[in-house]
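Working notes, beginning with the structure itself.
These numbers come from the heavy atoms of this one structure, side chains and all, not from hydrogens, waters or symmetry mates.
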Amino acid sequence: MTYTSPLLRLLDERGYIHQATDAAALDALASKQVVPGYIGFDATAPSLHVGSLVQIMLLRRLQQAGHKPIVLMGGGTTKVGDPSGKDESRKLLTSDGIQANIASIRQVFERYLTFGDGPTDAVMVDNDAWLSQLGYVELLRDVGPHFTINRMLTFDSVKLRLEREQPLTFLEFNYMILQAYDFRELALHHGCRLQMGGSDQWGNIVNGIELTRRMESTEVFGLTTPLLTTADGAKMGKTAAGAVWLNDDALPAYDFWQYWRNADDRDVGRFLRLFTDLPLDEIARLEALGGSEINAAKIVLANEVTTICRSREAAAEANATANSTFRKNDVTVSLTGLELAASIGTAAPSNLPVLAMPADGISVVDALVGLGFAASRGEAKRLIAGGGARLDGASITDESAHIRGGTERRLSAGKKKHGIIRPT
């Protein structure tokens, strides 16, 4: 549909909208008043990772369009555990541990949002403030009648766990009720009219909308973003070395920068729209770059995302470090374009990235970094330790190994990444 409000036009143009409960009514509301909207984040670790970045950017877009972001930290629901997409119960944390995680996570939100007391300033609230005060009998009496076991069993978060014959505790089964209660509480005390989240949260969002309407007779709305995976089907924010954390102390800025620099060519335009503030016409220009020139767009992507999440200085330093790393030991791979290698045998593809090998050889760690298969030496070592690196088809077990000789060698990381080490 064609939207009239700056908010939904912005979200639509940049690819954030998957589903909305009543898009026309939400569009009309956003055209005439400030709409407070929230997204919930559980505090299971001291940092969120890149998998949460679409939702963080969604709150940023909400504020950019003149509306009020509410960051809901799940101090209460973290004690329960969201069963969505999980095969097993989450480890329960202490109250002190959860609060420490929330304080750490807030640092990232302060880079993406403007907090304050103004009508469109962001606020951060903790659902432990009301969930921990709920009496069990009170919850059963006032909220329980609005949920049926029949319907709760139809939600994917429950069905998938049961189909896999994985235990689903009564504690986790209550998560959807508590999340629905959050929307009612925020609508009642913070004027919240919109809940947003990933597409896997659709059922929980609809529950909250229905509960709020029934208990408070207030019209509220829901909006979800598409499930985000990389072009090769991988889950966003996961690498061979683990999660791509947002906090400075959880992942070095260089590794964070390299994650975006190593994006698949097919993801560049989409990532620029979702994760940067670049104008759409500039993104269209970068997205249209062909061949090796697309690497220039990847550098822009890495610099822009790192600037917002870390700082402009951190982005510039990471960019400079990357250039220095690729020059080290006479490694002649260019960040702005890799030459294409000739085939190795009849079955080898002809578009493999090439790394020049110095006369005295190159370590497998430097080669993995040089080909872009690892964002750092540490990640390369972890890849080797995990059995994910191979030389000419043979598994590499020694992280101190060197590649030498006068013939081309084929280096692989996982099943899909292959490159050529070519003698100079």
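Between H190 and W130, the ring planes lie tilted relative to each other; the angle falls in the 30° to 60° range.
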Kindly determine whether N127 and E185 satisfy side-chain contact (heavy atoms from CB on, under 4.5 Å), including the steps that lead there. CA-CA 9 Å; N127 64 12; E185 180 73 16; over 6 Å; no
Could you walk me through whether D264 and K298 pass the salt bridge (charged side-chain N to carboxylate O under 4.0 Å, His left out) check? CA-CA 9 Å; D264 190 293; K298 293 182 184 181; over 6 Å; no
Evaluate side-chain contact (heavy atoms from CB on, under 4.5 Å) for T230 paired with M236, printing each intermediate quantity in order. CA-CA 6 Å; T230 58; M236 190 70 187; 4.2 Å; yes
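Using a 3.5 Å distance cut-off with no hydrogens or angles, the side chains of T224 and Q201 do not pair a donor with an acceptor. No side-chain N or O of Q195 forms a donor-acceptor pair with one of D182 less than 3.5 Å apart.
Within the 3.5 Å criterion, the main-chain N or O of A43 finds a donor-acceptor partner in the side chain of T78. With K68 contributing its side chain and V35 its backbone, the two residues share no donor-acceptor pair below 3.5 Å. Side-chain atoms of D366 do not come within 3.5 Å of backbone N or O of S363 as any donor-acceptor pair. Side chain of S104 to backbone of P46: a donor-acceptor contact under 3.5 angstrom is found. R193 places no side-chain N or O within donor-acceptor distance of the main-chain N or O of A30, the cut-off being under 3.5 Å.
Ionic pairing of E210 and R213 is not present here: no N-O contact between side-chain nitrogen and carboxylate oxygen is shorter than 4.0 angstrom.
Of the residues L246, V50, I56, L53, the one that meets the side chain to side chain contact (heavy atoms under 4.5 Å, CB included) test with C309 is L246.
When side chains are defined from C-beta on, M196 counts as touching L62, because their heavy atoms get closer than 4.5 Å.
Taking NE2 of H18 as the reference point, atom CG of L223 lies at 10.5 Å (rounded to 0.5 Å).
In this structure, R310 satisfies the cation-pi test against F256, with its NZ or CZ atom closer than 6.0 Å to the six-membered ring centre and inside 45 degrees of the ring normal.
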